[in-house]
Amino acid sequence: MGSRGYFFVLLHAFVFVSLATSVFSQLTPNYYDYSCPNALSTIKSVVEAAVQKEYRMGASLLRLHFHDCFVNGCDGSILLDPSPTIDSEKNSRANFQSARGFEVVDEIKGAVDEACGKPVVSCADILAVAARDSVVALGGPTWDVPLGRRDSTTASRDAADASIPAAFFNLSQLITNFKNHGLDEKDLVVLSGGHSIGYAQCVAFRDRIYNDSNIDPNFAQDLKYICPRTGGDTNLSPLDQTAAKFDIQYFSGLVQKNGLLHSDQELFNGGCTDELVKEYSYDSDDFFVDFGNSMIKMGNIQPLTGNQGEIRVNCRKVN
Ligand code: HEM
Ligand SMILES: *[C@@H]1O[C@H](CO)[C@@H](O)[C@H](O)[C@H]1NC(C)=O
Ligand SMILES: *[C@@H]1O[C@H](CO)[C@@H](O)[C@H](O)[C@H]1NC(C)=O
């Protein structure tokens, strides 16, 4: 082969490698095997203790990973506190007085850095692993979490406002929002199953119980005691009937028009996602397998890798 031939082989190799790294994630479940062999067991034990103490914490940690990944990728940006240079995502519409679990993340970070003897595990990876461990602690499926994300040095409240879906979204808005993050209709349905655990505040479902017609009237009536027309904005209701257990109750609830959020019921309202909701409402094995796969897909959204970003020492602050 002449030098031209080698050039083309090299060119092809180069194109293939750059394509591969952009299409396939560089993350790997074994990332910390040598640098910190106890990282995963340390995270797991802190998460288990936190969920034992308050089961809702499992839901709150799962949501943090979602809200991290949907804003400029899974880069730990949601964890940065406000500062002169950080327009904190904690103050965005979806997160303000709603996102919680930051103290547990601090606790995990402290424990894992001690176990490793140095700060080698990123805050973004801690969120991804804590989300998985939370789901497992509440009876859900497990999956291998690809790792190796690095932490951002920036955050954006505006990006959070523009990227995190809202409870008043209709189906087409939800589909478009997920599509903008590289996730399809199936991922939307599967990942909304995260609402199998945890709670929502009255302000997030008031319009639904007073104004929506695709709601079981008895269900709506019961909720009106918890969530009056005025006042009680922060009163909580479980997102499904078994908020402490990761199961398919969320989907059977949707089939019975017992979705708590407007966005939940949109997934079973005569549209293209009805069939999948119905399937998950009786097939827990399918839901569990698909949930793990879609969580991996969500966790692969635009991670910082290689020498991008940093490994934060304190998840709340840029180094
Ligand atoms: C599809 C679009 C989604 C919308 C519109 C949405 C909206 C919401 C809202 C409004 C709440 C209640 C927050 C509050 O009242 O303080 C909530 C809670 C929650 N969301 Fe979502 N969500 C969506 C998708 C997801 C996804 C993909 C996950 C995870 C895979 C998730 C996990 C959770 C969890 C676990 C809670 C309960 C948190 C707690 O109790 O602390 N959500 N969501
Ligand atoms: C969904 O909401 C958008 C924005 O408000 C609106 O333009 C669209 O017509 C709605 N779609 C459906 C099917 O209701
Ligand atoms: C319901 O819809 C009416 C009319 O569009 C609106 O004025 C009201 O704020 C909505 N929400 C509730 C809780 O009634």
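Index from 1, following the sequence. Counting convention: from 1, in listed order, for ligands and their atoms alike.
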Nearest-neighbour protein heavy atom for [atom], which is reported as residue plus atom name and distance:
atom: atom 15 (O) of ligand 1; result: Q201 N, 2.7 Å
atom: atom 14 (C) of ligand 1; result: S98 OG, 3.3 Å
atom: atom 2 (C) of ligand 1; result: P165 CG, 3.5 Å
atom: atom 41 (O) of ligand 1; result: S60 OG, 2.7 Å
atom: atom 30 (C) of ligand 1; result: L191 O, 3.4 Å
atom: atom 35 (C) of ligand 1; result: A59 O, 3.1 Å
atom: atom 39 (C) of ligand 1; result: R56 NE, 3.4 Å

Exercise. Hey, what's the ring geometry for W143 with F291, parallel, tilted or perpendicular (30° and 60° as the breaks)?
Worked result: perpendicular
For this session: Please state whether the rings of Y199 and Y55 are parallel, tilted or perpendicular, taking 30° and 60° as the class boundaries.
Result: tilted
Does [X] come within less than 4.0 Å of ligand 1, judged by its heavy atoms?
X: D264; result: no
X: F205; result: no
X: F169; result: no

Exercise. Should you measure from each heavy atom of S172, which atoms of ligand 2 turn up under 4.0 Å away?
Worked result: 1 (C), 11 (N)
Problem set entry | Proximal ligand 2 atoms for N170, defined as those under 4.0 Å from one of its heavy atoms | 1 (C), 2 (O), 3 (C), 8 (C), 10 (C), 11 (N), 12 (C), 14 (O)
Exercise. Regarding K90 and the six-membered ring of F96, is the cationic atom NZ or CZ under 6.0 Å from the ring centre and inside 45° of its axis?
Worked result: no
Are [X] and [Y] close enough for a salt bridge, meaning some N to O gap below 4.0 Å?
X: R100; Y: E54; value: yes
X: R150; Y: D125; value: no
X: D81; Y: R316; value: yes

For this session: Might you work through the ring pair (Phe, Tyr, Trp, His ring centres under 6.0 Å) test for F251 and Y282, ending with a clear yes or no?
Result: CA-CA 8 Å; F251 295 104; Y282 53 76; over 10 Å; no
State, yes or no, whether a side-chain contact exists between [X] and [Y] at a heavy-atom distance under 4.5 Å.
X: R132; Y: H65; answer: no
X: L27; Y: P303; answer: yes
X: N72; Y: S152; answer: no

Problem set entry | Residue-atom pairs from the protein, N, O or S only, that lie under 2.8 Å from atom 21 (Fe) of ligand 1 | H195 NE2
For this session: Sort and list the pairs that fulfil side chain to side chain donor-acceptor pair (under 3.5 Å) and have at least one residue in residues 220-229, not counting sequence neighbours.
Result: none
For this session: Using salt bridge (charged side-chain N to carboxylate O under 4.0 Å, His left out) as the criterion, list what pairs up with R157, not counting sequence neighbours.
Result: D87
For this session: Among N211, D233, T230, find the one that has a side chain to side chain donor-acceptor pair (under 3.5 Å) with R206.
Result: D233
For this session: Go through ligand 1 atom by atom and flag the ones less than 4.0 Å from a non-hydrogen atom of L188.
Result: 1 (C)
For this session: For S263, counting its heavy atoms only, list the atoms of ligand 1 lying under 4.0 Å from any of them.
Result: 5 (C)
Filter the ligand 3-protein atom pairs down to N or O on both sides and distance under 3.5 Å, then list them.
from: ligand 3; atom 1: 2 (O); to: N211; atom 2: OD1; distance (Å): 3.4
from: ligand 3; atom 1: 2 (O); to: N211; atom 2: ND2; distance (Å): 2.3
from: ligand 3; atom 1: 11 (N); to: D207; atom 2: OD1; distance (Å): 2.8
from: ligand 3; atom 1: 11 (N); to: N211; atom 2: ND2; distance (Å): 3.1
from: ligand 3; atom 1: 14 (O); to: R229; atom 2: NH1; distance (Å): 3.0

Exercise. At a non-hydrogen distance cut-off of under 4.0 Å, which region of A166 contacts ligand 1 (side chain, backbone, both, or neither)?
Worked result: backbone
Exercise. After noting the C-alpha distance and the side-chain angles of S77 and E89, does the key distance pass the side chain to side chain donor-acceptor pair (under 3.5 Å) rule?
Worked result: CA-CA 7 Å; S77 57; E89 293 169 19; 3.0 Å; yes
Exercise. Yes or no on side chain to side chain donor-acceptor pair (under 3.5 Å) for S92 and N95, after CA distance, side-chain angles and deciding distance?
Worked result: CA-CA 5 Å; S92 66; N95 291 331; 3.2 Å; yes
For this session: For side-chain contact (heavy atoms from CB on, under 4.5 Å), just list the numbers for K245 and L138, CA-CA rounded to whole Å, side-chain angles, deciding distance to a tenth of an Å, and then say yes or no.
Result: CA-CA 5 Å; K245 195 156 173 42; L138 294 172; 6.0 Å; no
